[in-house]
Amino acid sequence: MTIDWKEFNEETITKTHGKVHFYRDLYEGNHSQLFSRAKRLIEKGEIVDEIIYGTKESQNVQTPYIVANVSKLIPEIPAMLVSRSIGNIQTSLSSDDYDSEDDERAEDENYDNLTTQQEAIRDIESNSHLEFEHWGNIVQQQVDGGLVGVPWLDDKGLRLEFKARDVYYPHPDGMGVDLAYAVELEDKDYLQVYRERLDEEDGVKGLKATHILYSCNKSGKTEELGEDETKELLNMNELETFYPNRERFFIVYWPNEKTFMNPLGVSCLKNQEGKQDEINWTLTRNALTFERNGKPRIAISQDIMNTLEQKAMQRYGDDSRIDHRDLEITTFDDKGKAMEIIQIDITKIGDISWVKDLMKLMLMETKTSEKAVDFYMDGGSTAAQSGVAKFYDLFTSLLKAEQLQKEYIYFLKQLLESALWLAHENDPNILIEQPEIQLKAMIPISRKELIEENNMAYTNGAQSLEVTVRRNNPHASEEWIQEEIARIQEESTPDDTTSLMRGRQTLNNFFDNRLGGDGDGDEET
């Protein structure tokens, strides 16, 4: 059972994916457009959001709408921790995996095949610009509640493409999935649908991929276009491709906090909008109070006021136009009173502790460590911390980040395996696998700690030389790592007089070449 696209509009998206656009605005900080209290104050002219409404609207308004966007930090903190932990992508195969009983190729040829495999993975990584995608992928998945990935092969090369949740529409029977999104072609609006469905052709089971194009009117009503017109508009030769023996979709969906009630996942900002509104409201209300009452006021006696009004009338013909220069010399009244400056204690305005409590509540509900935000500095320490101390400060956020890391790695491996499946169709020497994704520490530590930790693990036999070199140099290229391993191994081999004259020690030159030609030592000396 496929999806019959009769219309595509905001209601269609909301029905499947909920308030994704609302949560995006919440994350972006467009709160003056979301919250009714802010809208009313802006309409009354008491506050203004200058970024959105511009300076003309704020000429007579001094108080801005204050936004303390905790909703931005909640998805970005785990994204920062996870994205910095993603390292290089390496093949999980070795040259032995290319050997077979009927394989008569030399070892160096198998090694060349292994190099081809690694180069194919690097090409996918490079074409996808993966280094720039990790942080944004995790933020989008957290904000929307899901993320879509699909391998793609065209003139730009084999790559992974990532798309927002609201393009993903699974078929009701679970046998297919559509990616649907509005496009503009030749100044007209269309609905483009990429469909994958498990099917059968000529008795062979496989996966059928189809491109469909619909015209859209202003109300979102759609009408499917013919095959020839679709090919012309999409600049494609074929709209349908069948992949025999492919038993699962190329499209991979990664839900956030998936449950039976929410199989497509939920936003990490769900139910946080009320607390975010209260934080902004409290801070803005405090700003209004300060604007009206925080400026210094001058108190003078009635006699001085009468004198100032008389001078203003004589000078300007208006007793309300009091000149401040007339206040520079004053007299005391009969009780010793003169003018005095009155200003309220601004520390008594509002309740900032209430704002802090709301922030803590938001962080608690979203499994975010307070130290990761550190939104107040009372009692904060600026001293250097070890990696262990940072770990316990960020414990809650790390627990959440580790779960996201595990899911994201699985998500990437599924996509890479599908991409290699497509590559294998064009080059049988490229094997289908789930490559290894190397991980780095989420918490930044000093290079000294990093080297000491890895060198100790190598010395104790807990990790290999290659892993040690990779972890000590996380940003080095593959070529540099292999050369460094070779240099270390070469320098660690001891030299003596014989090796310096005749090369590295072997059993034969150790006995001064007295062994026979076959090396078994049975010939007479």
**Asked** Does the side chain of Asp178 reach to within under 4.5 Å of the side chain of His171, using non-hydrogen atoms?
**Response** yes
**Prompt:** With distance as the sole criterion, is a donor-acceptor pair present between the side chains of Tyr194 and Glu196 under 3.5 Å?
**Reply:** yes
**Request:** Give a yes or no on whether the ring-centroid distance for His17 and Tyr168 is below 6.0 angstrom.
**Result:** no
**Item:** Side-chain donor-acceptor pair present, Gln276, Asn280, cut-off under 3.5 Å
**Value:** yes
**Prompt:** Between the side chains of Gln192 and Tyr214, does any donor sit under 3.5 Å from an acceptor?
**Reply:** no
**Request:** Would you please say whether a donor-acceptor pair under 3.5 Å links the side chains of Gln405 and Ser85?
**Result:** yes
**Request:** Indicate whether any N or O donor in one side chain lies under 3.5 Å from an N or O acceptor in the other, for Asp25 and Gln33.
**Result:** no
**Item:** Side chains of Leu234 and Leu185 in contact at under 4.5 Å (non-hydrogen atoms)
**Value:** yes
**Request:** Please work out which of the three classes, parallel, tilted or perpendicular, describes the rings of Trp5 and Tyr169, given edges at 30° and 60°.
**Result:** perpendicular
**Asked** Aromatic ring centroids of Trp152 and Phe250 under 6.0 Å?
**Response** no
**Message:** Just so I know, are the side chains of Leu207 and Thr241 near enough to count as touching, which here means a heavy-atom distance under 4.5 Å?
**Reply:** no
**Message:** Can you see whether Arg246 engages Ser418 through a side-chain donor-acceptor pair at a distance of less than 3.5 angstrom?
**Reply:** yes
**Partner set under ring pair (Phe, Tyr, Trp, His ring centres under 6.0 Å) for Phe249, not counting sequence neighbours** = none
**Asked** Distance only, no hydrogens: is a donor on one side chain within 3.5 Å (strictly under) of an acceptor on the other, for Asn9 and Thr12?
**Response** yes
**Request:** For Gln414 and Arg248, test the side chains for any donor-to-acceptor distance below 3.5 angstrom and give the result as yes or no.
**Result:** yes
**Message:** Consider side chain to side chain donor-acceptor pair (under 3.5 Å). Of Glu433, Glu436, Gln118, which one does Thr91 pass it with?
**Reply:** Glu433
**Test item: side-chain donor near acceptor, Asn217 and Asp189, under 3.5 Å** = no
**Asked** Hey, does the Lys NZ or Arg CZ of Lys163 hover above the aromatic six-ring of Tyr181, less than 6.0 Å from the centre and inside 45° of the axis?
**Response** yes
**Message:** Among residues at least two apart in sequence or on other chains, which ones pass side chain to side chain donor-acceptor pair (under 3.5 Å) with Trp354?
**Reply:** Glu278
**Message:** Are the side chains of Ile437 and Asn88 in contact, using a 4.5 Å heavy-atom criterion?
**Reply:** no
**Prompt:** Do Tyr23 and Lys270 come close enough that some side-chain heavy atom pair is under 4.5 Å?
**Reply:** yes
**Message:** With rounding to the nearest 0.5 angstrom, report the CZ to CG distance, Arg471 to Leu439.
**Reply:** 8.5 Å
**Asked** Do the non-hydrogen side-chain atoms of Trp281 and Tyr65 ever get within less than 4.5 Å of each other?
**Response** no
**Prompt:** Given the rule in the side-chain contact (heavy atoms from CB on, under 4.5 Å) test, do Ile13 and Phe8 qualify, once you have shown the distances and angles that lead to the verdict?
**Reply:** CA-CA 8 Å; Ile13 297 174; Phe8 186 79; 4.2 Å; yes
**Asked** Side-chain contact, heavy-atom cut-off 4.5 Å: Leu160 with His129?
**Response** no
**Request:** Would you indicate whether the side-chain heavy atoms of Ile409 and Ile86 approach each other to under 4.5 Å?
**Result:** yes
**Request:** Verify whether the ring centers belonging to Tyr253 and Phe411 lie closer than 6.0 Å.
**Result:** no
**Asked** Between Glu365 and Lys275, is there a salt bridge with N-O shorter than 4.0 Å?
**Response** yes
**Residues which pass side chain to side chain donor-acceptor pair (under 3.5 Å) with Gln140, listed by chain and number, not counting sequence neighbours** = Asp144
**Message:** Within the 3.5 Å criterion, strictly below it, is a donor on Glu273 or His31 matched to an acceptor on the partner's side chain?
**Reply:** no
